[in-house]
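Throughout, protein chains are lettered first and strands after them, A, B, ... in sequence-line order, and every chain is numbered starting at 1.
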Amino acid sequence: MSEIIEKYKEVAGSEAIDQIYQLAEPLKNIKITHVNSTLMGGGVAEILSKMVPLTEAFGISTQWEVIHGPPEFYQCTKDFHNALQGNRTLIPASRLEVFEAVNKNNAETLRPILENSDVVFIHDPQPIAMISHFPDRKGKWIWRCHIDANKPFWPVWKYVSQFAARYDASVFSLVKFIHYLPHPMFIIPPSIDPLSEKNIELEQKEIDQVRELFGIDSKRPLLLQVSRYDRFKDPVGVIEAYRLAKKYNPDIQLALAGGDASDDPEGEAVLNEVKRAASNDPDIHILLLPSNAHRTINALQRSADIILQKSIKEGFGLTVTEALWKGKPVIAGNTGGIKLQIINKQTGFIVNTPEGAAYRIRQLLQNPQIGRETGLLGREYVYDKFLITRHLRDYLSVIYSLMFEESDRIELSPR
Amino acid sequence: MIDKDASAFVPFYIKDCTLAAIATGAKAQTLAELRDRIIVAHPSSVYFHFWEGRLRTAFEHREYHNDFANWIHTYLHDDILAERLDLINPMEYDDIEFVRADLIGLINNRIEEIDYVPWVKSEDQFEFVRSKIIIFSTSYHIHTPHELVSIFPLLTHSSIFYHVIDAARRLPEKDNDFSAWLSGFGNQYADLCSELRRIDPYFISMEALQAKIYGIFTKYFLGTMS
């Protein structure tokens, strides 16, 4: 057993590892390629940066390719993202032409790799149209949609789905995100990597240093939201909740820690809105962190007294999973994959408004025992459901069932 | 699967399982739509909505025992129908098709009782899912029935799901794997087999099911309750 697998066994349990071995054994001669649009920033890149080496460690040849395009391409895919999450976003034909041209160019660049792959995972809409340029493909192509497409703006879904329909299967994070496609539509929640810089245990000294670095008072309670500066994450709503709670708890501080993803052109505009809403309150810390500041984010999460993720739209909400894994009390928006992670009043608290968030902040500050209890259950829940080992097992199950077994019962041989 | 005739000579291999969820794309927004979708649903979808909840976490306490009753309770707020559907115990049926028939009958009956067809918001629709069961080997196996006492507390809930709940659709007479294996030893364990077969897993949680079976094993083999 390789060193990397030994480490995962320690944190995720031997059953999880043994199940992956059983699925990996018949897949050892295949080649898997993952394709997405960014190497760093955002949940997809984070998952792939761990998923790929972990799959390799189980003896399956796996690689990760990133497509490239001009700024207008990313503007178009940001429009897709917003529209699939329900915003009425009309995309000019010229922008769609750029989108299709970029997909065509990347398809040519990646052709030798993709034609040589037995399984191709295409992540999100950015590279989705590449499939059009592989009409005689031999491998199985799977579209992995990480977006909350519960109520998409229909013209954009119609455009995107013309490509999605050509795949051999698709994978969505939640059943609610699914719209009918003419192939098997698997439901696989994403995951966190417990051994990543963002999730490993840290020494208290390092946590204290990070708090000090950002001028956060170590003696006063800290509320934290970690997410990109994106309106769907409702950072302004978080500030509102903080203000409502501060009336009764004047010593609280708020940190908004936003990363910047290279495929998100709206981030700066939202950041300015957040700065205006904060209006120079010295207890609101607006942090703009580089996309590789994983350890800093880890320390911030571990130093927080309460973690918020007050999204109004969310694909899955990996920051919620991270917070739960760290045993923190979590208050999160009633949307998307958050509802899969937060069993209200058991693993955390679901809220719909800034007022609801403020109420839970006050409750948790007055009754820290409640937060400790939900934190314990939250960590146990993540251990069972949302670690990368479970995610890999589910991906391999999809591959196995597409390649070898169409029946509803798959019995694996002992290794 | 346990070969009854040979079971006295073969070890009992503990298996584990997971259900891979596959969306069907079928959704229901009203009670009438729910009935219509159930009529055409894949049998594994009906099975999924009765049993998959058992493999979720133990601390998620659901009001009713199947997804249909829970949806009707939570979103249609029709507790009369939810209670009626909750009493459908798939373990009492020889075939999932008879379960389907009773579901449809009870929903039809309720539609006739009420003067309107209740509906929910689009985001609260019932989503039909089906599943593939993926069965894994584990490192556990036993050679003698006495070893059931020591091994049973080590089993995962999904392992017990496989050997008790899934076994009911694999084995004749809706048997469980433990009884089937013990039967291979002749009449020696007939009382134990009968006791195991009397357990109804539908109305209890996986935790309670594990405790109950473990209690039976300890009482039988050690003469004490766990």
Side-chain angles (χ1 to χ4, degrees), chain A residues 13-16 18-23 86 150-151 169-172 174-189 334-335 340 343-347 376-378 380-385 390 393-398 400-401 405-415, chain B residues 1 11 13-27 42-49 52 55-62 67 71 74 96 121-141 154-159 162 166 169-170 206:
Chain A
S14 57
E15 287 95 356
D18 198 50
Q19 290 182 357
I20 298 172
Y21 266 122
Q22 289 176 51
L23 278 160
N150 184 19
K151 285 186 182 174
S170 49
V171 177
F172 293 82
L174 279 180
V175 65
K176 287 205 176 301
F177 299 169
I178 286 172
H179 297 273
Y180 181 78
L181 291 168
H183 56 227
M185 299 170 286
F186 291 89
I187 304 160
I188 299 180
N334 188 13
T335 185
L340 193 70
I343 299 169
N344 198 23
K345 295 182 262 185
Q346 298 282 330
T347 60
L376 276 176
L377 280 183
E380 183 187 328
Y381 198 42
V382 173
Y383 178 88
D384 281 346
K385 305 282 180 191
R390 188 276 310 152
R393 184 197 69 186
D394 289 354
Y395 274 176
L396 296 183
S397 301
V398 169
Y400 189 95
S401 76
E405 184 59 69
E406 288 187 351
S407 83
D408 287 337
R409 181 172 288 273
I410 295 173
E411 184 146 12
L412 296 155
S413 308
R415 67 187 178 102
Chain B
M1 191 179 293
Y13 289 98
I14 303 291
K15 305 261 183 180
D16 207 337
C17 73
T18 184
L19 296 181
I22 305 167
T24 66
K27 302 178 184 189
H42 192 281
S44 75
S45 182
V46 179
Y47 183 86
F48 180 92
H49 291 297
E52 187 271 343
L55 291 178
R56 291 180 211 155
T57 187
F59 49 80
E60 188 179 3
H61 300 294
R62 303 195 311 157
D67 290 346
W71 182 74
T74 307
I96 197 77
K121 290 189 287 184
S122 64
E123 65 197 51
D124 297 328
Q125 291 179 88
F126 189 94
E127 321 261 357
F128 283 82
V129 175
R130 67 182 182 89
S131 63
K132 281 177 188 261
I133 185 167
I134 299 163
I135 302 143
F136 300 98
S137 301
T138 73
S139 56
Y140 300 128
H141 62 275
L154 305 177
L155 303 194
T156 61
H157 288 170
S158 46
S159 202
Y162 174 77
D166 183 69
R169 62 173 175 169
R170 281 185 279 113
M206 293 307 295

Asker: So how far is it from A:Gln19 CD to B:Phe136 CZ, rounded to the nearest 0.5 Å?
Answerer: 4.0 Å

Asker: Rounded to the nearest 0.5 Å, what's the gap from OG on A:Ser170 to CD1 on B:Ile22? Could you check?
Answerer: 10.5 Å

Asker: Counting C-beta onward and ignoring hydrogens, is there a side-chain heavy-atom pair between B:Ile134 and A:Arg409 closer than 4.5 Å?
Answerer: no

Asker: Using heavy-atom distances under 4.5 Å, tell me whether B:Glu123 contacts chain A through its side chain, its backbone, both, or neither.
Answerer: both

Asker: Identify the two heavy atoms, one from A:Val175 and one from B:Ala23, that lie closest to each other, and give their separation to 0.1 Å.
Answerer: CG2-CB, 4.2 Å

Asker: To the nearest 0.5 Å, tell me how far A:Glu411 CD sits from B:Ser137 OG.
Answerer: 7.0 Å

Asker: With the side chain counted from C-beta on, respond yes when B:Thr24 and A:Tyr180 share a heavy-atom pair under 4.5 Å apart, and no when they do not.
Answerer: no

Asker: Taking all atoms of both residues into account, what is the closest heavy-atom pair of B:Lys132 and A:Ile410, and its distance?
Answerer: CD-CD1, 4.2 Å

Asker: Mind listing the closest non-hydrogen atom pair of A:Lys151 and B:Ser122 along with its distance?
Answerer: CE-OG, 3.4 Å

Asker: Is the shortest side-chain N to carboxylate O distance from A:Lys176 to B:Asp124 below 4.0 Å?
Answerer: no

Asker: I need the A:Asp384 CG to B:Ser158 OG distance, nearest 0.5 Å.
Answerer: 9.5 Å

Asker: Please classify the contact of B:Thr18 with chain A as side chain, backbone, both or neither, using a heavy-atom distance under 4.5 Å.
Answerer: side chain

Asker: With only heavy atoms counted, which part of A:Leu23 is less than 4.5 Å from chain B, the side chain, the backbone, both or neither?
Answerer: side chain

Asker: Could you measure the distance from the CG atom of A:Asp18 to the CG atom of B:Asp16? Nearest 0.5 Å is fine.
Answerer: 10.0 Å

Asker: For B:Leu55, is it the side chain, the backbone, both, or neither that has a heavy atom closer than 4.5 Å to a heavy atom of chain A?
Answerer: backbone

Asker: Between atom CG of A:Asp408 and atom CZ of B:Arg130, what is the distance when rounded to the nearest 0.5 Å?
Answerer: 5.5 Å

